[in-house]
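Note sheet for the following structure.
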Amino acid sequence: MNSRSGSPGKRLDYNFFRQDVLEVAPALIGKWLTVKYPCDKVSRLVIKEVEAYRGIEDLACHARRGLTPRTEPMFCAGGILYIYLVYGIHWMLNIVTGKQNDPQAVLVRAAGDLYGPGRLTKSLGINSTYNHEDIVGSTRIWIEGPGEKLKMCTGPRIGVEYAGEYWSTINWRFFTK
DNA sequence: TCAGTGATTAGG
DNA sequence: CTAATCACTGAG
């Protein structure tokens with residue numbers, strides 16, 4: 001699929017990102033993840049798979065242990081990025097949602113024809129320098145809408161078995177085929 | 001199926 | 001300081 005198909009949308013603002021993560025996560029499916037490179041080339045990729053991580057009570061969420069240096073972005077008001085390294089290799093792209101001191105984020109797992117959260121960031125060149133980036137004001141990464149209307153599917157989040165039966169089986173992964 | 005990889009965290 | 005853990009991927 002052509003990453004430049006469809007009409008460019010309007011950049012999403014704080015009103016969108018500062019809603020609850022369970023509103024924002026499904027709403028992101030079909031929207032355009034937009035990245036601008038130093039050479040001025042722009043990539044627009046339709047978001048196809050995300051997961052919601054919600055609050056200190058969510059045992060799959062990094063914020064379950066409270067505020068730490070790593071998780072500090074999640075405690076900020078929505079509209080910034082939370083980037084971290086997992087398994088020593090892969091950068092994860094998360095969009096912070098909700099209000100300040102209510103730690104939430106959406107993990108972006110697939111966009112365009114890039115499937116897999118680690119592959120996505122590798123292909124787009126997203127790394128720790130994007131941590132805490134304000135995607136409402138940034139000149140190099142943002143989200144555009146209203147986007148495509150796509151069939152929505154849900155399922156359990158991937159790779160969080162450690163969180164116990166309840167939190168590892170709740171259907172907080174949203175995707176389209 | 002499984003090793004690789006290194007930041008992060010809790011605990012001594 | 002140590003050691004366990006980890007929101008994954010690609011090779012076999």
Side-chain angles (χ1 to χ4, degrees), chain A residues 3 16-31 33 35 43 45-135 141 143 150 152-177:
Chain A
S3 65
F16 178 82
F17 296 110
R18 292 178 180 175
Q19 303 174 89
D20 189 274
V21 69
L22 294 177
E23 296 286 328
V24 177
L28 280 170
I29 299 298
K31 300 226 168 2
L33 172 60
V35 178
S43 289
L45 305 177
V46 174
I47 296 175
K48 298 200 173 154
E49 183 178 22
V50 301
E51 287 173 354
Y53 289 86
R54 186 172 186 268
I56 57 174
E57 67 275 14
D58 176 2
L59 296 183
C61 181
H62 288 172
R64 69 191 178 279
R65 287 194 277 249
L67 178 62
T68 67
R70 180 177 66 160
T71 61
E72 183 273 336
M74 292 186 90
F75 288 78
C76 297
I80 67 169
L81 298 183
Y82 167 46
I83 309 288
Y84 68 92
L85 189 66
V86 73
Y87 297 113
I89 305 175
H90 310 289
W91 295 106
M92 297 290 104
L93 168 62
N94 293 257
I95 300 170
V96 175
T97 66
K99 299 175 191 162
Q100 188 173 16
N101 292 317
D102 186 3
Q104 307 183 335
V106 178
L107 171 66
V108 182
R109 297 187 57 89
D113 53 9
L114 302 174
Y115 290 88
R119 288 167 153 183
L120 177 75
T121 54
K122 186 178 180 189
S123 296
L124 295 178
I126 292 169
N127 55 35
S128 63
T129 69
Y130 285 75
N131 192 34
H132 229 287
E133 185 93 357
D134 174 4
I135 57 170
I141 184 167
I143 310 291
L150 301 169
M152 182 81 64
C153 307
T154 64
R157 294 173 292 182
I158 305 293
V160 296
E161 289 71 23
Y162 62 85
E165 162 129 28
Y166 180 80
W167 295 105
S168 65
T169 59
I170 195 166
N171 291 334
W172 283 3
R173 179 165 52 101
F174 304 90
F175 60 101
T176 189
K177 286 175 283 190

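Everything quoted here is computed from the prediction, not taken from an experiment. Throughout, protein chains are lettered first and strands after them, A, B, ... in sequence-line order, and every chain is numbered starting at 1.
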Nucleotide interval of DNA chain C bounded by contacts with chain A (heavy-atom cut-off, under 4.0 Å):
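The footprint of chain A covers C/dC6 to C/dG10.
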Rounded distance [0.5 Å steps], [atom1] in [X] versus [atom2] in [Y]:
X        : Y        : atom1 : atom2 : result
A/Asp113 : A/Lys48  : CG    : NZ    : 6.5 Å
A/Leu28  : A/Ile47  : CG    : CD1   : 5.0 Å
A/Phe174 : A/Thr176 : CZ    : OG1   : 13.0 Å
A/Met92  : A/Leu120 : CE    : CG    : 9.0 Å

A/Ile158 CD1: over 12 foreign heavy atoms closer than 6.0 Å:
yes
Please list all pairs passing the salt bridge (Lys or Arg N to Asp or Glu O under 4.0 Å) test where one or both residues lie in [range], with sequence neighbours left out.
range                       : result
residues 160-177 of chain A : A/Glu49-A/Arg173
residues 65-82 of chain A   : none
residues 87-104 of chain A  : none

Kindly state which residues belonging to [range] come within less than 4.0 angstrom of DNA chain C, counting heavy atoms of the residue only, listed by number.
range                       : result
residues 157-177 of chain A : A/Ile158, A/Gly159, A/Val160, A/Tyr162
residues 58-69 of chain A   : A/Ala60, A/His62
residues 76-87 of chain A   : A/Tyr84, A/Val86, A/Tyr87

Taking only residues two or more places apart in sequence, or in another chain, which ones meet A/Asp134 in a salt bridge (charged side-chain N to carboxylate O under 4.0 Å, His left out)?
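Testing A/Asp134 for salt bridge (charged side-chain N to carboxylate O under 4.0 Å, His left out), a comparison that skips the adjacent residues, returns none.
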Residues at least two apart in sequence or cross-chain that pass salt bridge (charged side-chain N to carboxylate O under 4.0 Å, His left out) with A/Asp58, listed by chain then number, are A/Arg157
For A/Leu33, which of A/Val46, A/Ile95, A/Ile141 qualifies under side chain to side chain contact (heavy atoms under 4.5 Å, CB included)?
A/Ile141
In a table with atom names and distances, give each donor-acceptor pair under 3.5 Å that connects a side chain of residues 73-91 of chain A to protein atoms at least two apart or in another chain.
unit_1: A/Tyr82; atom_1: OH; unit_2: A/His62; atom_2: ND1; d: 2.7

Donor-acceptor pair, side chain of A/Thr121 and main chain of A/Gly118, under 3.5 angstrom
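Present.
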Check: A/Thr71 side chain, A/Gly66 main-chain N or O, donor-acceptor pair, under 3.5 Å:
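Such a contact is found between A/Thr71 side chain and A/Gly66 backbone.
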From CE of A/Met92 across to P of B/dA7 the rounded distance in Å is 15 Å
Side chain to side chain donor-acceptor pair (under 3.5 Å): pairs with one or both residues in residues 18-29 of chain A, sequence neighbours excluded:
A/Asp20-A/Arg54, A/Asp20-A/Gln104
Take N1-N3 plus N6-O4 or O6-N4 for Watson-Crick, N1-O2 plus O6-N3 for G-U, both under 3.5 Å. Which runs of 3 or more such pairs involve DNA chain B?
B:1-4 with C:8-11, B:6-11 with C:1-6
